[in-house]
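Notes follow once the structure below has been shown.
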Amino acid sequence: LFTDTCPHNEAFWKGIFGTYLETKLGLFHLLHRIMDTLDSKCELYWTCVVRLRDSIYTYFPEDEAGSLKALQAGPFSKTGDKLSDNEIRDLRHSKRWKQHYSDFLRKLILPGVTQRHRLTLWIEEFKNRSDQTGKPVFMRNTEKVATEQLKKVHHASDLPGMNMYQEILPGPR
């Protein structure tokens with residue numbers, strides 16, 4: 001059972017569904033607990049968010065390769081524009097990536113130990129960073145919330161052998 005309250009209320013859910021039930025923290029909830037504390041008006045916001053996501057998950061290599069190939073070849077663009085590596089990097093650091101591409105790529109959630117390590121490095125990298133105007137990307141409670149999530153990231157790992165995805169065949173475009 002993927003829930004926003006994991007690991008709390010685990011006994012409650014096991015009481016309803018049985019002790020064989022395994023509860024997991026939803027990836028969305030884990031990330032948004034931290035992202036909601038970042039300053040979205042800071043110029044570093046998207047760089048910080050992309051690095052945060054990279055701390056928790058990566059994309060399946062074949063999915064990422066396919067999307068890179070398509071972005072570089074141009075079929076995703078209405079005008080047939082082919083994107084360079086730098087343009088793809090800039091796209092990943094924008095809201096448009098999340099809206100148009102990320103949801104169609106399978107996510108490979110990293111093991112808890114790796115998440116904890118990378119999240120610790122992320123906190124250290126961004127906790128004192130400010131943009132050119134002096135606006136910090138971390139707000140007052142970001143470091144505290146992110147540090148609290150270090151204790152819970154292992155609850156967001158995928159279950160071995162569990163297929164979390166359904167293939168969506170491509171349309172005519």
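In this text, all values refer to a predicted model and were calculated from it rather than measured experimentally.
- Counting all heavy atoms, side chain and backbone alike, L91 lies closest to Y101 at CD2-CE1, 3.5 Å.
- When side chains are defined from C-beta on, K135 does not count as touching E43, because their heavy atoms never get closer than 4.5 Å.
- Note that CG of D85 is 11.0 Å distant from CG of D90, once rounded to the nearest 0.5 Å.
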Candidate pair L83 and Q72, rule side chain to side chain contact (heavy atoms under 4.5 Å, CB included), full reasoning: CA-CA 5 Å; L83 300 182; Q72 291 169 341; 5.7 Å; no
task: In sequence, state the C-alpha distance, the side-chain angles, and the governing distance for L119 and I34, and then conclude on side chain to side chain contact (heavy atoms under 4.5 Å, CB included).
output: CA-CA 11 Å; L119 188 55; I34 300 170; 4.2 Å; yes
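- The two atoms that bring K98 and R53 nearest to each other are CD-NH2, 3.8 Å, heavy atoms only.
- Across every non-hydrogen atom of Y57 and L31, the tightest pair is CE2-CD1, 3.7 Å.
- The heavy-atom pair separating T37 from T142 by the smallest distance is O-OG1, 2.6 Å.
- Looking at residues two or more places apart in sequence or on another chain, you find a side-chain hydrogen bond (donor to acceptor under 3.5 Å, both in side chains) between S102 and Y59.
- Salt bridge D54/R118: absent, no basic N to carboxylate O contact under 4.0 Å.
- For the pair I123 and L150, the minimum side-chain heavy-atom distance is below 4.5 Å.
- In this structure the side chain of L105 reaches within 4.5 angstrom of the side chain of S67, judged on heavy atoms.
- Contact detail for E64 and R92: the closest heavy-atom pair is OE2-NH1, 4.1 Å.
- When the shell of 6.0 Å around NE2 of H93 is examined, it contains more than 12 heavy atoms from other residues, nucleotides or ligands.
- Taking 4.5 Å as the limit, every side-chain heavy atom of S40 sits out of range of all side-chain heavy atoms of W46.
- A side-chain donor-acceptor contact under 3.5 Å links W122 to the backbone of C48.
- If you take OH on Y45 and CZ on F126, they are separated by 12.5 Å, rounding to the nearest 0.5 Å.
- D131 contributes a side-chain N or O that, together with a main-chain N or O of G134, makes up a donor-acceptor pair within less than 3.5 Å.
- With rounding to the nearest 0.5 Å, the separation of OG1 in T47 from CG in L52 is 12.5 Å.
- To the nearest 0.5 angstrom, R116 atom CZ is 12.0 Å from L110 atom CG.
- For Q99, the CD atom is densely surrounded, since the number of other residues' heavy atoms within 6.0 Å is greater than 12.
- A distance-only check finds a donor-acceptor pair linking the side chain of D63 to the backbone of R106 [under 3.5 Å].
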- prompt: Would L38 and M139 count as a side chain to side chain contact (heavy atoms under 4.5 Å, CB included) if you check the C-alpha gap in whole Å, the side-chain angles of each, and the deciding distance to 0.1 Å?
  reply: CA-CA 6 Å; L38 299 173; M139 293 196 320; over 6 Å; no
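- Contact check for K107 versus T58: no side-chain heavy atoms found under the 4.5 Å cut-off.
- I88 places a side-chain heavy atom less than 4.5 Å from the side chain of L71.
- What you find for S130 and P136 is that their closest heavy atoms are OG-CA, 3.7 Å.
- Annotation: salt bridge (charged side-chain N to carboxylate O under 4.0 Å, His left out) contacts involving residues 120-129, sequence neighbours excluded, comprise R51-E125, E124-K127, E125-R129, K127-E143.
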